[in-house]
Structures are given as C-alpha cells and as structure tokens.
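Only one structure is covered here, and it is reproduced in the block below.
FYI, side chains are in, hydrogens and waters are out, and symmetry mates aren't considered; it's all heavy atoms of this structure. Nothing fancy with the numbering, it's 1 onward along the sequence.
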Amino acid sequence: MNAAQQAESNIELGELSRTSELGPVLDRLAVQTRYVVASGTSLGSKGDEQEVIRTSLDGVTARNPNIKVSAKVASNHGALLKKDAPAIAEAVRDVAGPSAV
C-alpha cells in the first residue's frame with residue numbers, strides 16, 4: 001500500500017471499531033471469545049487515547065458473558081504476538097477447554 005492507501009485504511013478501521021459500529025456485533029457473539037489487551041501506547045497515539053478505547057471493553061464484557069478479558073499485558077498492539085505469546089496461548093487454552101490440552 002502506498003501512504004494514502006494506508007491512511008485511508010487506518011481511518012476506515014477506526015470508524016469500524018467505534019462502539020456504535022462494533023458494539024452490536026460483539027453483543028451478538030455466541031461463542032467464547034477472549035481478549036488479550038495490549039496496554040502500551042501505539043505509534044501515532046496521543047495522550048491516553050488508546051486507554052480510552054480499551055475501556056469500551058468493560059461494557060462489552062458486562063453485556064455478553066461469552067466475552068472475557070483473558071489478560072492485560074504491557075506490550076502495544078504491534079508487539080503483542082512477539083512479546084506476549086504465552087498470554088495469547090493461555091487465552092486459546094481457556095477457550096479450547098481441558099480436552100484440547
């Protein structure tokens with residue numbers, strides 16, 4: 001992607017991630033879902049805007065018992081897989097249940 005396409009993609013992703021757009025989709029999830037939440041700041045973020053976005057998960061988990069936060073880790077979303085693979089693996093094991101271990 002060129003820079004303009006990347007910017008457009010990021011804008012669209014932000015729009016689709018709004019509580020008003022994503023909330024109803026998450027509310028209807030009927031399968032076990034786990035989040036590993038990155039708590040680090042993201043490239044280009046200003047102030048605590050990432051943390052404000054993350055707080056929307058509180059409402060989602062309160063409304064839908066299928067969705068839980070498995071862990072909150074220090075990485076940002078760009079380093080999550082690299083630095084926090086064990087937390088992700090634990091979330092997968094939690095959803096898969098004891099028969100998958």
side-chain contact (heavy atoms from CB on, under 4.5 Å) between Ile67 and Leu26: does it pass, once the steps are laid out? CA-CA 8 Å; Ile67 302 173; Leu26 294 175; 4.0 Å; yes
Is it true that a side-chain atom of Asp84 and a backbone atom of Ala74 form a donor plus acceptor pair closer than 3.5 Å? no
Decide whether Val69 and Val60 are clustered together by the hydrophobic rule: side chain heavy atoms of Ile, Leu, Val, Met, Phe, Trp, Tyr closer than 4.5 Å, transitively. yes
Any side-chain heavy-atom pair from Leu16 and Leu22 closer than 4.5 angstrom? no
Quick check: does any side chain N or O of Ser70 sit under 3.5 Å from a backbone N or O of Lys68, one acting as donor and the other as acceptor? no
Find out if a path of hydrophobic residues (ILVMFWY) with successive side-chain heavy-atom gaps under 4.5 Å connects Leu81 to Val36. yes
With sequence neighbours left out, what residues match Glu90 under salt bridge (Lys or Arg N to Asp or Glu O under 4.0 Å)? Arg93
What's the spacing between Asn10 CG and Met1 CE if we round to 0.5 Å? 8.5 Å
Nearest non-hydrogen partners of Asp27 and Arg63, listed with the distance: OD1-NE, 2.8 Å
Which value, rounded to the nearest 0.5 Å, describes the distance between Asn64 atom CG and Thr61 atom OG1? 9.0 Å
In this structure, are over 12 heavy atoms from other groups packed under 6.0 Å from Glu12 atom CD? no
Does Ala79 offer a backbone N or O that forms a donor-acceptor pair with the side chain of Asn76 under 3.5 Å? yes
Would you say Val31 and Asn66 make side-chain contact, with heavy atoms under 4.5 Å? no
Identify the two heavy atoms, one from Leu80 and one from Ala38, that lie closest to each other, and give their separation to 0.1 Å. CD1-CB, 4.2 Å
Straight-line distance of Leu57 CG to Thr19 OG1, nearest 0.5 Å: 9.0 Å
Do Val37 and Val73 come close enough that some side-chain heavy atom pair is under 4.5 Å? no
Polar side-chain atom of Ser9 near backbone of Gln5 as donor-acceptor pair, under 3.5 Å: no
